[in-house]
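Here's the structure, in structure tokens; my notes come after.
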Amino acid sequence: MIMLPTFFDTKLATLASSSLLLLTLTATGCQSASESSEAIVAQPTSISSTPTSTDISQQTLRQQALRIQHALANKNFSRIAKDIHPTRGVRFSMYAYVRPESDKVFSRAQYAQYLQQSKIRFTWGERDGSGEPLIIPLPEYLDTWVKAKTFNDATLSVNEFQKSGNSINNLNKIYQNSDVVEFYYKGSDEYSGLDWRVLRLVFDEYQGKRYLVAIVNDQWTV
């Protein structure tokens with residue numbers, strides 16, 4: 001006698017088949033997610049080595065300052081004329097304490113003129129210790145007082161002062177929004193470092209470019 005499947009037997013078989021299919025799909029889906037997670041974790045993370053805009057800006061500033069220092073050191077004084085600020089000119093300060101009321105300030109045109117008219121003398125300030133006025137022409141001031149050749153092997157810093165003497169450094173007060181490149185010569189063993197010198201080049205931005213607004217010297221004072 002042949003037994004035909006009942007309605008309930010057919011339904012049960014269908015449910016069992018559906019459950020098995022669902023279990024298989026679930027297991028397969030979990031495995032794929034796991035593999036995807038492993039693939040994501042396995043991907044190496046990289047740190048960008050691209051220089052920031054600040055780094056590039058400081059590097060450009062250093063290059064400009066070095067170019068100016070080299071020109072002055074080689075007595076190619078006229079080569080820095082285009083670096084002088086177009087509207088503010090360039091200030092010369094004998095010591096760290098900037099004196100807006102008495103420091104010499106030359107426009108580009110005046111700077112070029114007084115390089116050519118090298119017999120015109122200016123009073124740059126008073127020598128520390130003796131109090132005697134320093135009265136010499138512009139080329140001589142650049143050669144004997146700025147004395148950029150001293151800083152050929154100096155330590156260079158940007159917006160950071162490496163050395164200070166007895167003379168008050170008020171540069172940040174006078175040039176609050178400027179950039180400063182400092183060249184520091186530590187002095188010689190012969191004089192126990194007392195002959196240290198500092199050259200500070202001060203820059204301001206104008207129409208998207210940096211220009212020289214001050215050349216400030218510093219050294220040991222009494």
Side-chain angles (χ1 to χ4, degrees), residues 51-74 76-108 110-111 124-125 128 134 138 141-187 193-221:
T52 65
S53 58
T54 302
D55 293 335
I56 296 173
S57 178
Q58 286 205 358
Q59 183 179 356
T60 303
L61 180 61
R62 284 171 175 264
Q63 291 173 349
Q64 183 178 7
L66 281 168
R67 179 169 52 77
I68 292 172
Q69 184 268 325
H70 289 161
L72 295 176
N74 294 323
N76 295 324
F77 304 137
S78 61
R79 293 187 65 180
I80 76 166
K82 291 184 178 179
D83 289 287
I84 295 174
H85 198 285
T87 62
R88 299 180 61 183
V90 60
R91 175 190 305 277
F92 294 94
S93 180
M94 287 180 61
Y95 297 103
Y97 191 79
V98 177
R99 302 178 184 274
E101 69 284 355
S102 60
D103 286 339
K104 288 290 171 287
V105 179
F106 298 140
S107 67
R108 278 185 181 181
Q110 290 171 331
Y111 177 83
W124 302 92
D128 175 71
L134 179 64
L138 174 60
Y141 178 86
L142 294 172
D143 184 29
T144 63
W145 192 267
V146 174
K147 213 172 182 178
K149 191 174 182 179
T150 305
F151 306 99
N152 283 343
D153 298 315
T155 304
L156 188 151
S157 64
V158 177
N159 295 327
E160 180 181 342
F161 301 126
Q162 305 170 78
K163 183 70 175 180
S164 295
N166 294 331
S167 181
I168 298 174
N169 180 357
N170 66 339
L171 197 150
N172 283 339
K173 182 179 179 181
I174 303 299
Y175 295 99
Q176 296 182 10
N177 299 313
S178 304
D179 288 307
V180 182
V181 178
E182 180 178 281
F183 295 81
Y184 167 54
Y185 166 65
K186 67 178 182 179
L194 290 179
D195 54 339
W196 64 268
R197 290 182 65 89
V198 164
L199 172 65
R200 298 181 179 118
L201 303 181
V202 187
F203 296 87
D204 268 0
E205 190 171 314
Y206 178 74
Q207 296 183 346
K209 294 183 179 180
R210 283 196 183 96
Y211 292 97
L212 186 68
V213 293
I215 297 178
V216 180
N217 288 91
D218 196 9
Q219 61 188 63
W220 184 84
T221 55

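A quick note: this is a predicted structure, and the numbers were derived from the prediction, not measured.
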- Under 3.5 Å, is there a donor-acceptor pair between the side chain of R99 and the main chain of S93? no
query: Quick one: does P86's side chain get under 4.5 Å of Y211's, heavy atoms only?
result: yes
Nearest heavy-atom contact between A154 and Y185 is CB-N, 4.1 Å
All heavy atoms of I80 vs all of A71, minimum pair found to be CG2-CB, 3.8 Å
Once you measure the plane-to-plane angle for F106 and W124, does it fall in the parallel (<30°), tilted (30-60°) or perpendicular (>60°) bin? perpendicular
Residues 168-181 vs side-chain hydrogen bond (donor to acceptor under 3.5 Å, both in side chains), sequence neighbours excluded, gives R91-Y175, N159-D179, S178-D204, D179-R210
Could you tell me if the side chain of I215 sits less than 4.5 Å from the side chain of L201, heavy atoms only? yes
Applying side chain to side chain donor-acceptor pair (under 3.5 Å) to T87 and not counting sequence neighbours gives H85
CH2 (W196) and OH (Y184) are apart, to the nearest 0.5 Å, by 7.5 Å
To the nearest 0.5 Å, atom NZ of K104 lies from atom OH of Y141 at 10.5 Å
Check your understanding: Is there a donor-acceptor pair closer than 3.5 Å between any side-chain N or O of E182 and the backbone N or O of V198?
Key -> no
For N74, the side chain to side chain donor-acceptor pair (under 3.5 Å) test, sequence neighbours excluded, returns none
One should read off an interatomic distance between Q110 CD and I84 CD1, to the nearest 0.5 angstrom, of 10.0 Å
Interatomic distance, NZ@K82 vs CZ@R108, rounded to 0.5 Å, equals 8.5 Å
Note: A96 and S167 closest approach over all heavy atoms is N-OG, 3.8 Å
N/O donor to acceptor pairs below 3.5 angstrom from side-chain atoms of residues 142-151, sequence neighbours left out:
residue, atom, partner, partner atom, Å
T144, OG1, E140, O, 2.7
W145, NE1, M94, O, 3.1
T150, OG1, K147, O, 3.1

| said: For the backbone of D128 and the side chain of Y95, can you confirm whether one donor and one acceptor N or O come within less than 3.5 Å of each other? | reply: yes
Separation between CZ (R62) and CD (Q58), nearest 0.5 Å, reads 6.5 Å
Worksheet entry | 4.5 Å side-chain heavy-atom contact, D218 and R200 | yes
Original post:
Any side-chain heavy atom of L199 within less than 4.5 Å of one from N217?
Top reply: yes
Practice task
Before giving the answer on side chain to side chain contact (heavy atoms under 4.5 Å, CB included), spell out for F77 and L138 the whole-Å C-alpha distance, their side-chain angles and the decisive distance to 0.1 Å.
Solution key: CA-CA 10 Å; F77 304 137; L138 174 60; over 6 Å; no
Taken in chain and number order and not counting sequence neighbours, the residues that satisfy side chain to side chain donor-acceptor pair (under 3.5 Å) with R79 are none
Interatomic distance, OG1@T60 vs NZ@K209, rounded to 0.5 Å, equals 12.5 Å
The side chain to side chain contact (heavy atoms under 4.5 Å, CB included) partners of I168 (sequence neighbours excluded) come to Y97
Might you work through the side chain to side chain contact (heavy atoms under 4.5 Å, CB included) test for F203 and D83, ending with a clear yes or no? CA-CA 9 Å; F203 296 87; D83 289 287; 5.7 Å; no
Here the pair of heavy atoms bringing G187 nearest to D195 is CA-OD1, 3.3 Å
> Between Q69 and N152, is any side-chain donor less than 3.5 angstrom from a side-chain acceptor?
Replying inline: yes
